[in-house]
Amino acid sequence: MKIRLNSQLFNLDFTLCCGQTFRWENRDGWWYGVVKERVFKTRQIDDGLEFENVDAAFVKNYFGLDEDLSKILVEIGKDEHVKVAAETFKGLRIIRQDPWECLISYICATYKSIPAIKQMIFKLSSQFGGKAVFEGQDFHAFPTPAALANASIEKLKNCGLGYRARYVLETARKIDDEAVNLEKLKRANYEEARCRLLELSGVGLKVADCILLFSLDKKESFPVDVWIKRAIMRHYADHFPKEFIEKISAERSPTNQEYERLNLFGRQYFGRYAGYAQEYLYHYERTRNSTSQS
DNA sequence: CAAGTGCCTTTATC
DNA sequence: AGATAAAGGCACT
(Lines give C-alpha, C1' and ligand atoms only; values in the text may rest on other atoms or scores of the structure.)
Protein backbone atom coordinates (compact mmCIF):
# COMPACT_ATOMS: atom_id res chain seq x y z
CA MET A 1 0.00 0.00 0.00
CA LYS A 2 1.02 3.52 -0.62
CA ILE A 3 -0.08 7.00 0.29
CA ARG A 4 0.99 10.20 -1.36
CA LEU A 5 2.16 13.06 0.72
CA ASN A 6 4.31 16.15 0.51
CA SER A 7 7.88 15.10 1.27
CA GLN A 8 8.47 18.62 2.58
CA LEU A 9 5.98 17.82 5.30
CA PHE A 10 7.05 14.31 6.18
CA ASN A 11 10.48 12.71 6.28
CA LEU A 12 10.46 9.09 7.39
CA ASP A 13 14.20 8.80 7.99
CA PHE A 14 14.40 11.90 10.18
CA THR A 15 11.31 10.79 12.05
CA LEU A 16 12.70 7.35 12.84
CA CYS A 17 16.33 8.38 13.45
CA CYS A 18 15.91 11.39 15.70
CA GLY A 19 15.98 9.39 18.91
CA GLN A 20 12.29 9.51 19.86
CA THR A 21 11.82 5.80 19.22
CA PHE A 22 14.23 2.93 19.70
CA ARG A 23 12.98 -0.15 17.92
CA TRP A 24 12.97 0.58 14.20
CA GLU A 25 15.42 -1.32 12.03
CA ASN A 26 16.51 -0.57 8.50
CA ARG A 27 16.97 -3.58 6.22
CA ASP A 28 17.49 -3.22 2.50
CA GLY A 29 15.94 0.20 2.38
CA TRP A 30 12.81 -0.73 4.31
CA TRP A 31 12.14 0.23 7.90
CA TYR A 32 10.83 -2.68 10.00
CA GLY A 33 8.96 -1.94 13.18
CA VAL A 34 6.73 -3.63 15.71
CA VAL A 35 3.88 -1.64 17.18
CA LYS A 36 1.80 -3.45 19.78
CA GLU A 37 1.57 -6.98 18.33
CA ARG A 38 1.99 -6.00 14.73
CA VAL A 39 5.10 -6.08 12.57
CA PHE A 40 5.10 -3.79 9.59
CA LYS A 41 7.54 -2.28 7.16
CA THR A 42 7.61 1.08 5.49
CA ARG A 43 9.73 3.22 3.22
CA GLN A 44 9.49 6.62 1.65
CA ILE A 45 10.41 7.42 -1.91
CA ASP A 46 9.94 11.11 -2.59
CA ASP A 47 6.25 11.89 -2.15
CA GLY A 48 5.22 8.26 -1.69
CA LEU A 49 5.02 6.50 1.64
CA GLU A 50 4.83 2.75 1.16
CA PHE A 51 3.89 0.26 3.84
CA GLU A 52 2.93 -3.38 4.25
CA ASN A 53 0.96 -5.39 6.80
CA VAL A 54 -0.87 -2.37 8.19
CA ASP A 55 -3.59 -0.04 6.93
CA ALA A 56 -3.37 3.59 5.90
CA ALA A 57 -5.39 4.87 8.86
CA PHE A 58 -2.94 3.29 11.26
CA VAL A 59 0.07 4.71 9.43
CA LYS A 60 -1.40 8.20 9.36
CA ASN A 61 -2.16 8.09 13.05
CA TYR A 62 1.14 6.52 14.08
CA PHE A 63 3.30 9.00 12.17
CA GLY A 64 1.10 11.94 13.17
CA LEU A 65 0.31 12.75 9.54
CA ASP A 66 -3.03 14.26 10.57
CA GLU A 67 -1.24 17.18 12.20
CA ASP A 68 -0.76 20.30 10.13
CA LEU A 69 3.03 20.55 10.16
CA SER A 70 3.22 23.81 8.23
CA LYS A 71 0.97 25.42 10.81
CA ILE A 72 3.09 23.95 13.61
CA LEU A 73 6.27 25.32 12.02
CA VAL A 74 4.75 28.78 11.87
CA GLU A 75 3.70 28.58 15.53
CA ILE A 76 7.07 27.41 16.86
CA GLY A 77 9.14 29.55 14.47
CA LYS A 78 9.83 32.23 17.05
CA ASP A 79 13.43 32.96 16.08
CA GLU A 80 16.10 32.21 13.51
CA HIS A 81 17.71 29.45 15.50
CA VAL A 82 14.68 27.20 15.80
CA LYS A 83 13.79 28.00 12.20
CA VAL A 84 17.18 26.75 11.02
CA ALA A 85 16.84 23.59 13.13
CA ALA A 86 13.35 22.92 11.74
CA GLU A 87 14.53 23.64 8.21
CA THR A 88 17.46 21.25 8.61
CA PHE A 89 15.16 18.41 9.65
CA LYS A 90 12.22 19.36 7.52
CA GLY A 91 9.53 16.72 7.70
CA LEU A 92 10.54 15.30 11.07
CA ARG A 93 7.37 14.46 12.91
CA ILE A 94 6.53 13.30 16.40
CA ILE A 95 5.30 9.73 16.41
CA ARG A 96 2.34 8.50 18.45
CA GLN A 97 3.98 5.64 20.27
CA ASP A 98 2.32 3.01 22.37
CA PRO A 99 2.23 4.57 25.87
CA TRP A 100 3.25 1.42 27.70
CA GLU A 101 6.28 0.78 25.51
CA CYS A 102 7.16 4.46 25.66
CA LEU A 103 6.95 4.48 29.46
CA ILE A 104 9.31 1.55 29.92
CA SER A 105 11.64 2.75 27.16
CA TYR A 106 12.16 6.13 28.78
CA ILE A 107 12.59 4.67 32.26
CA CYS A 108 15.38 2.62 30.71
CA ALA A 109 16.72 5.64 28.82
CA THR A 110 17.81 7.60 31.88
CA TYR A 111 21.51 8.29 31.89
CA LYS A 112 22.14 6.05 28.88
CA SER A 113 23.27 6.67 25.34
CA ILE A 114 20.90 5.97 22.48
CA PRO A 115 22.75 2.87 21.18
CA ALA A 116 22.70 1.45 24.70
CA ILE A 117 18.99 2.18 25.04
CA LYS A 118 18.25 0.42 21.77
CA GLN A 119 20.16 -2.60 22.97
CA MET A 120 18.25 -2.77 26.26
CA ILE A 121 14.86 -2.48 24.60
CA PHE A 122 15.85 -5.07 22.01
CA LYS A 123 16.95 -7.53 24.69
CA LEU A 124 13.83 -6.93 26.77
CA SER A 125 11.67 -7.63 23.74
CA SER A 126 13.46 -10.80 22.67
CA GLN A 127 13.45 -12.17 26.24
CA PHE A 128 9.97 -11.23 27.36
CA GLY A 129 8.02 -10.25 24.25
CA GLY A 130 5.87 -12.51 22.11
CA LYS A 131 7.40 -13.74 18.89
CA ALA A 132 5.97 -12.55 15.62
CA VAL A 133 7.02 -13.87 12.23
CA PHE A 134 6.98 -11.53 9.28
CA GLU A 135 8.38 -12.35 5.84
CA GLY A 136 9.91 -15.46 7.36
CA GLN A 137 11.91 -13.46 9.88
CA ASP A 138 11.51 -13.40 13.65
CA PHE A 139 10.42 -10.23 15.40
CA HIS A 140 9.32 -9.66 18.94
CA ALA A 141 6.49 -7.60 20.31
CA PHE A 142 7.31 -5.36 23.22
CA PRO A 143 6.66 -7.31 26.45
CA THR A 144 3.21 -6.94 28.01
CA PRO A 145 2.86 -5.35 31.47
CA ALA A 146 2.15 -8.82 32.89
CA ALA A 147 5.29 -10.26 31.30
CA LEU A 148 7.51 -7.64 32.93
CA ALA A 149 5.55 -7.63 36.19
CA ASN A 150 6.33 -11.33 36.55
CA ALA A 151 9.97 -11.09 35.50
CA SER A 152 12.78 -11.39 38.02
CA ILE A 153 15.14 -8.53 38.82
CA GLU A 154 18.03 -10.71 37.76
CA LYS A 155 16.62 -11.44 34.33
CA LEU A 156 15.85 -7.78 33.80
CA LYS A 157 19.40 -6.91 34.78
CA ASN A 158 20.60 -9.41 32.19
CA CYS A 159 19.04 -7.16 29.58
CA GLY A 160 21.44 -4.44 30.62
CA LEU A 161 19.02 -2.43 32.75
CA GLY A 162 21.28 -2.23 35.79
CA TYR A 163 19.66 -0.31 38.64
CA ARG A 164 16.72 0.50 36.33
CA ALA A 165 15.55 -3.11 36.64
CA ARG A 166 13.82 -2.37 39.93
CA TYR A 167 12.04 0.69 38.53
CA VAL A 168 10.82 -1.27 35.52
CA LEU A 169 9.56 -4.09 37.72
CA GLU A 170 7.75 -1.78 40.14
CA THR A 171 6.19 0.26 37.35
CA ALA A 172 5.19 -2.85 35.37
CA ARG A 173 3.39 -4.15 38.47
CA LYS A 174 1.50 -0.91 38.90
CA ILE A 175 0.40 -0.89 35.28
CA ASP A 176 -0.45 -4.60 35.38
CA ASP A 177 -2.55 -4.03 38.51
CA GLU A 178 -4.24 -1.15 36.71
CA ALA A 179 -3.26 1.27 39.45
CA VAL A 180 -2.55 3.67 36.61
CA ASN A 181 -4.36 3.59 33.28
CA LEU A 182 -2.14 5.05 30.57
CA GLU A 183 -4.86 5.26 27.94
CA LYS A 184 -6.97 7.41 30.26
CA LEU A 185 -4.09 9.84 30.58
CA LYS A 186 -4.48 10.69 26.89
CA ARG A 187 -7.70 12.43 27.82
CA ALA A 188 -6.31 14.17 30.89
CA ASN A 189 -4.62 17.54 30.52
CA TYR A 190 -0.84 17.98 30.56
CA GLU A 191 -0.49 18.86 34.26
CA GLU A 192 -2.82 16.12 35.44
CA ALA A 193 -1.27 13.39 33.30
CA ARG A 194 2.20 14.50 34.37
CA CYS A 195 1.31 14.19 38.06
CA ARG A 196 0.04 10.68 37.55
CA LEU A 197 3.17 9.62 35.67
CA LEU A 198 5.41 11.05 38.40
CA GLU A 199 3.89 8.57 40.85
CA LEU A 200 5.57 5.76 38.93
CA SER A 201 8.92 4.39 39.98
CA GLY A 202 11.77 5.57 37.77
CA VAL A 203 9.73 8.43 36.32
CA GLY A 204 11.03 11.92 37.06
CA LEU A 205 10.20 15.19 35.33
CA LYS A 206 12.22 14.54 32.19
CA VAL A 207 10.96 11.00 31.66
CA ALA A 208 7.36 12.09 32.31
CA ASP A 209 7.67 14.87 29.73
CA CYS A 210 9.00 12.41 27.14
CA ILE A 211 6.11 10.01 27.71
CA LEU A 212 3.61 12.87 27.50
CA LEU A 213 5.08 14.13 24.25
CA PHE A 214 5.76 10.88 22.45
CA SER A 215 2.77 8.77 23.47
CA LEU A 216 0.06 10.78 25.23
CA ASP A 217 -0.53 13.48 22.62
CA LYS A 218 0.76 16.35 24.75
CA LYS A 219 2.59 18.36 22.12
CA GLU A 220 3.08 21.23 24.55
CA SER A 221 5.40 19.05 26.60
CA PHE A 222 9.03 20.21 26.52
CA PRO A 223 11.47 17.59 27.85
CA VAL A 224 14.75 19.09 29.04
CA ASP A 225 17.75 16.81 28.71
CA VAL A 226 21.45 17.66 28.53
CA TRP A 227 21.21 18.58 24.85
CA ILE A 228 18.26 20.91 25.28
CA LYS A 229 19.97 22.46 28.26
CA ARG A 230 23.00 23.12 26.06
CA ALA A 231 20.84 24.53 23.28
CA ILE A 232 19.14 26.88 25.74
CA MET A 233 22.46 28.02 27.21
CA ARG A 234 23.85 28.62 23.75
CA HIS A 235 20.90 30.35 22.12
CA TYR A 236 18.37 31.40 24.73
CA ALA A 237 20.53 32.49 27.65
CA ASP A 238 19.21 36.04 27.43
CA HIS A 239 15.80 34.78 28.52
CA PHE A 240 17.25 34.00 31.95
CA PRO A 241 19.22 35.84 34.62
CA LYS A 242 22.95 35.49 34.17
CA GLU A 243 23.37 33.76 37.55
CA PHE A 244 20.87 31.07 36.59
CA ILE A 245 22.74 30.25 33.38
CA GLU A 246 26.03 30.15 35.24
CA LYS A 247 24.55 27.84 37.84
CA ILE A 248 23.12 25.30 35.42
CA SER A 249 26.22 25.29 33.26
CA ALA A 250 28.30 24.22 36.25
CA GLU A 251 26.11 21.22 37.02
CA ARG A 252 25.73 17.95 35.27
CA SER A 253 21.95 17.84 35.37
CA PRO A 254 19.41 20.37 36.60
CA THR A 255 17.63 20.08 39.94
CA ASN A 256 13.85 19.72 39.77
CA GLN A 257 13.48 23.42 40.40
CA GLU A 258 15.89 24.32 37.62
CA TYR A 259 14.25 21.77 35.35
CA GLU A 260 10.84 23.36 35.88
CA ARG A 261 12.23 26.75 35.03
CA LEU A 262 13.76 25.55 31.76
CA ASN A 263 10.64 23.56 30.95
CA LEU A 264 8.33 26.49 31.61
CA PHE A 265 10.44 28.71 29.38
CA GLY A 266 10.12 26.21 26.54
CA ARG A 267 6.38 25.86 26.88
CA GLN A 268 5.70 29.57 27.21
CA TYR A 269 8.11 30.68 24.52
CA PHE A 270 7.21 28.09 21.87
CA GLY A 271 3.57 27.60 22.78
CA ARG A 272 1.25 24.65 22.35
CA TYR A 273 3.61 22.81 19.99
CA ALA A 274 6.70 23.30 22.16
CA GLY A 275 7.41 19.59 21.87
CA TYR A 276 8.05 19.96 18.16
CA ALA A 277 10.47 22.81 18.83
CA GLN A 278 12.16 20.58 21.40
CA GLU A 279 12.66 17.75 18.90
CA TYR A 280 14.17 20.02 16.26
CA LEU A 281 16.45 21.72 18.76
CA TYR A 282 17.42 18.42 20.32
CA HIS A 283 18.30 16.74 17.06
CA TYR A 284 20.05 19.83 15.74
CA GLU A 285 22.16 20.20 18.87
CA ARG A 286 23.05 16.52 18.89
CA THR A 287 24.15 16.41 15.28
CA ARG A 288 25.84 19.81 15.39
CA ASN A 289 29.35 18.47 15.74
CA SER A 290 29.10 14.75 15.32
CA THR A 291 28.95 12.59 12.25
CA SER A 292 28.10 9.33 13.98
CA GLN A 293 25.37 8.14 16.33
CA SER A 294 22.15 6.81 14.95
C1' DC B 1 44.61 1.04 21.25
C1' DA B 2 43.64 2.16 26.26
C1' DA B 3 41.61 4.58 29.39
C1' DG B 4 38.58 8.26 30.33
C1' DT B 5 34.35 10.56 29.70
C1' DG B 6 29.57 11.03 28.87
C1' DC B 7 25.13 9.41 28.41
C1' DC B 8 17.53 12.07 26.29
C1' DT B 9 18.44 11.29 35.21
C1' DT B 10 16.13 9.33 39.30
C1' DT B 11 16.21 8.03 43.81
C1' DA B 12 18.13 7.64 48.40
C1' DT B 13 20.46 9.77 51.82
C1' DC B 14 22.30 13.05 54.27
C1' DA C 1 14.44 21.81 52.31
C1' DG C 2 18.10 21.35 49.51
C1' DA C 3 22.29 19.51 48.25
C1' DT C 4 24.89 15.41 47.27
C1' DA C 5 26.00 10.78 46.13
C1' DA C 6 25.15 6.47 44.00
C1' DA C 7 23.57 3.69 40.44
C1' DG C 8 25.20 -0.43 34.82
C1' DG C 9 27.58 -0.50 31.15
C1' DC C 10 28.15 0.77 26.49
C1' DA C 11 30.12 3.80 22.94
C1' DC C 12 32.74 7.38 21.47
C1' DT C 13 37.22 9.95 21.70
Using atom [atom1] of [X] as one end and atom [atom2] of [N] as the other, report the distance to the nearest whole Å.
X        : N      : atom1 : atom2 : result
A/Arg230 : B/dT9  : CZ    : P     : 10 Å
A/Arg194 : B/dT10 : CZ    : P     : 10 Å
A/Leu262 : B/dC8  : CG    : P     : 17 Å
A/Leu124 : C/dG8  : CG    : P     : 16 Å
A/Glu258 : C/dA3  : CD    : P     : 8 Å
A/Glu170 : B/dT11 : CD    : C1'   : 11 Å
A/Lys229 : B/dG6  : NZ    : C1'   : 13 Å
A/Leu198 : B/dT10 : CG    : P     : 9 Å

Indicate, with a heavy-atom threshold strictly under 4.0 Å, whether [X] touches base, sugar-phosphate, or nothing.
X        : value
A/Val224 : nothing
A/Leu205 : sugar-phosphate
A/Gly160 : nothing
A/Ile211 : nothing

Ignoring backbone atoms, establish whether [X] has a side-chain N or O less than 4.0 Å from OP1 or OP2 of [N].
X        : N      : value
A/Gln119 : C/dA11 : yes
A/Gln20  : B/dC8  : no
A/Arg286 : B/dC8  : yes
A/Arg166 : B/dA12 : yes

message: With a 4.5 Å cut-off on side-chain heavy-atom distances among I, L, V, M, F, W and Y, is there a chain of contacts connecting A/Leu197 to A/Leu264?
response: no
- prompt: Is there a donor N/O on one and an acceptor N/O on the other, under 3.5 Å, for the side chain of A/Lys206 and the base of B/dC8?
  reply: yes
Which one, [options], comes nearest to the side chain of [X]?
X        : options               : result
A/Ala116 : C/dC10, C/dG8, B/dT9  : C/dC10
A/Gln278 : B/dC8, C/dA3, C/dG2   : B/dC8
A/Ser113 : C/dC10, C/dG2, B/dT10 : C/dC10

- request: Indicate whether A/Tyr163 forms a stack on C/dA6; treat it as stacked only if centroid distance is below 5.5 angstrom and interplanar angle below 30 degrees.
  value: no
query: So A/Glu243 and A/Lys247, salt bridge (Lys or Arg N to Asp or Glu O under 4.0 Å) or not? Walk me through it.
result: CA-CA 6 Å; A/Glu243 313 83 68; A/Lys247 196 151 173 279; over 6 Å; no
task: Tell me, yes or no, whether the heavy-atom count around A/Asp46 atom CG, taken from other residues, nucleotides or ligands under 6.0 Å, exceeds 12.
output: no
- prompt: Mind checking the P distance from C/dG8 to B/dT13? Whole angstroms is fine.
  reply: 14 Å
query: Roughly how far apart, to the nearest Å, are B/dC8 and C/dA5 at atom P?
result: 23 Å
task: Kindly indicate whether the side chain of A/Thr15, heavy atoms from C-beta on, has any atom under 4.5 Å from the side chain of A/Ile94.
output: no
- prompt: Relative to A/Phe214, does A/Arg96 satisfy both conditions: NZ or CZ under 6.0 angstrom from the six-membered ring centre, and within 45 degrees of the ring's axis?
  reply: no
task: Find out whether the Lys NZ or Arg CZ of A/Arg27 is both under 6.0 angstrom from the six-membered ring centre of A/Trp30 and within 45° of the ring's axis.
output: no
- request: Hey, could you give me the CG/NZ distance between A/Leu103 and A/Lys174, rounded to the nearest 0.5 Å?
  value: 11.0 Å
field: Parallel, tilted or perpendicular: rings of A/His239 and A/Tyr236 (30°, 60°)
entry: tilted
- prompt: Would you call C/dG8 syn or anti, using the 90° rule around 0?
  reply: syn
Given DNA chain B, 5'-ward residue of the pair A/Leu200 and A/Ala109, judged by closest heavy atom: A/Ala109
- request: Let me know, please, whether A/Val207 or A/Lys112 comes out on the 5' side of the other along DNA chain B by nearest nucleotide.
  value: A/Lys112
message: Let's test your reading of the pairing rules: Watson-Crick or G-U wobble, both distances under 3.5 Å, then write DNA chain C as a dot-bracket string with ( ), [ ], | and dots.
response: .||||||.|||||
Which pairs of donor and acceptor atoms, one on a side chain in residues 80-89 of chain A, lie under 3.5 Å apart (sequence neighbours left out)?
unit_1  : atom_1 : unit_2   : atom_2 : d
A/His81 : NE2    : A/His235 : NE2    : 2.9
A/Glu87 : OE2    : A/Lys90  : NZ     : 3.3
A/Thr88 : OG1    : A/Val84  : O      : 2.6

